[in-house]
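Report on the structure given below.
Per chain, numbering begins at 1; letters A, B, ... match sequence-line order.
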Number of protein chains: 2
Amino acid sequence: MKQITQRSKCPVSFSLDFLGDKWSLLIIRDIMVYDKFTYGDFLQSDEKISTNILADRLAALEQNGFITRRVSAEKKNKIIYELTEKSADLVPIIMEYNIWGAKYNPDGEQALIEELKKDKQKMIEKYQDKIRRNLGALS
Amino acid sequence: MKQITQRSKCPVSFSLDFLGDKWSLLIIRDIMVYDKFTYGDFLQSDEKISTNILADRLAALEQNGFITRRVSAEKKNKIIYELTEKSADLVPIIMEYNIWGAKYNPDGEQALIEELKKDKQKMIEKYQDKIRRNLGALS
DNA sequence: ATAAACACTTGTATTTAGCAAGTAATGTTC
DNA sequence: GAACATTACTTGCTAAATACAAGTGTTTAT
């Protein structure tokens with residue numbers, strides 16, 4: 001797994017040192033909005049990440065405090081990945097990517113933009129609440 | 001220069017297809033907040049991008065409509081890079097990265113977060129106005 | 001006329017990403 | 001309880017992206 005080296009003190013640069021690649025934010029999105037929690041779930045996402053990259057990103061995200069890893073209580077060969085508070089604070093970034101992407105994708109749904117822009121704060125709180133509720137649960 | 005292949009229809013994924021690397025958003029940030037406009041300006045940024053990567057990213061950003069390129073009126077060996085409307089719509093994303101990065105960087109300035117969160121909409125408009133004013137100018 | 005500034009290119013080494021196949025632990029089925 | 005299926009990865013190999021150092025061509029200043 002790659003070791004992160006801080007390039008500058010700029011907060012944007014600092015963020016991208018952790019998240020500036022094509023996959024990390026998509027894994028977080030999977031947990032955040034699509035309720036995916038397992039290695040197999042992530043593999044099935046439309047973007048088709050390869051197995052070794054997924055393993056590497058999961059390890060890095062865990063090491064850097066974005067996700068937690070635990071063995072399922074029911075099935076001991078199943079691993080559950082969940083978001084931390086550090087990732088809950090990424091919800092606004094994901095929402096803004098959603099808005100921008102929906103606007104500039106030729107096949108983008110204009111309806112999604114309108115809804116997101118109109119109820120942005122409500123949507124952000126919705127996803128953050130979901131993450132924080134999970135944080136408290138034992139399951 | 002790398003050719004972009006769309007991985008899925010998800011707006012987040014779509015955005016990251018263009019911006020999901022360690023450098024593209026930093027170049028846009030340089031123009032947006034630090035008023036840098038030339039190849040030499042970008043090279044001098046704290047993050048120390050290498051020359052060939054910078055050339056590659058500038059070409060990609062131009063081809064994908066994030067920046068425009070023009071020869072300076074005064075000095076004909078100087079090239080001026082400027083942001084398009086497509087990049088003006090990235091201001092909220094950059095601001096959110098600022099907020100997140102300032103919060104989680106150990107050396108992060110707490111004051112910056114407070115100011116940004118408090119006056120977020122004002123800050124966003126400030127940077128967008130600056131870009132749009134430039135768009136109209138001939139200079 | 002010469003040197004400096006500027007925007008890149010080129011060449012090479014290192015790192016990262018992608019693909020295909022394999023492995024080890026647990027779970028399920030008959 | 002033996003055999004097959006899930007699940008979460010590893011491993012080996014190839015391709016692509018990145019980083020570093022040096023060089024090139026055009027324009028500008030002296």
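- Scanning for ring pair (Phe, Tyr, Trp, His ring centres under 6.0 Å) contacts around B/Tyr104 gives B/Trp100, with sequence neighbours left out.
- Rounded to an integer number of Å, the gap from A/Asp56 CG to D/dA8 C1' is 15 Å.
- For the pair A/Lys78 NZ and D/dT6 C1', the interatomic distance rounds to 9 Å; values are reported in whole Å.
- A salt bridge between B/Lys120 and B/Glu96 is present, with a side-chain N of the basic residue lying under 4.0 Å from a carboxylate O of the acidic one.
- Rounded to an integer number of Å, the gap from A/Gln3 CD to D/dT18 P is 19 Å.
- Note on B/Phe42: nothing from the nucleic acid sits closer than 4.0 angstrom, heavy atoms only.
- In this structure, A/Trp23 reaches the C/dG18 phosphate: one of its side-chain N or O atoms is under 4.0 Å from OP1 or OP2.
- Computed from coordinates, the A/Met1 CE to D/dT10 P distance equals 11 Å when rounded to whole Å.
- Between the P atom of D/dT7 and the CZ atom of A/Arg70 lies a distance of 16 Å, rounded to the nearest Å.
- Whole-Å rounding puts the B/Leu58 CG to D/dT18 C1' distance at 16 Å.
- The shortest non-hydrogen separation linking B/Asn105 to A/Lys9 is ND2-O, 3.9 Å.
- No continuous path of ILVMFWY side-chain contacts below 4.5 Å connects A/Leu26 to A/Met1, so the two sit in separate hydrophobic clusters.
- OP1 or OP2 of C/dC6 has not a single side-chain nitrogen or oxygen of B/Tyr81 nearer than 4.0 Å.
- The shortest distance between the side-chain N/O atoms of B/Arg57 and the OP1/OP2 oxygens of D/dT18 is below 4.0 Å.
- Identified under the salt bridge (Lys or Arg N to Asp or Glu O under 4.0 Å) test for residues 23-47 of chain A, with sequence neighbours left out: A/Arg29-A/Glu47, A/Asp35-A/Lys130.
- Side chain of A/Lys2, nearest nucleotide from D/dT7, D/dA19, C/dT16: C/dT16.
- Atom CG of B/Asp41 and atom C1' of C/dA5 are 13 Å apart (whole Å).
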Counting primed atoms plus P, OP1 and OP2 as sugar-phosphate and everything else as base, spell out the protein contacts along nucleotides 20-30 of chain C at 4.0 Å heavy-atom distance: B, S or - for each nucleotide, 5' to 3'.
BB----BSS--
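- The nearest whole Å value for the distance from the CD1 atom in A/Ile53 to the P atom in D/dA15 is 16 Å.
- Of the options A/Ile80, A/Ile79, A/Leu54, a side-chain contact (heavy atoms from CB on, under 4.5 Å) to A/Tyr39 is made by A/Leu54 and by none of the others.
- For the residue pair A/Ser87 and A/Phe66, the shortest heavy atom distance occurs at OG-O, 2.8 Å.
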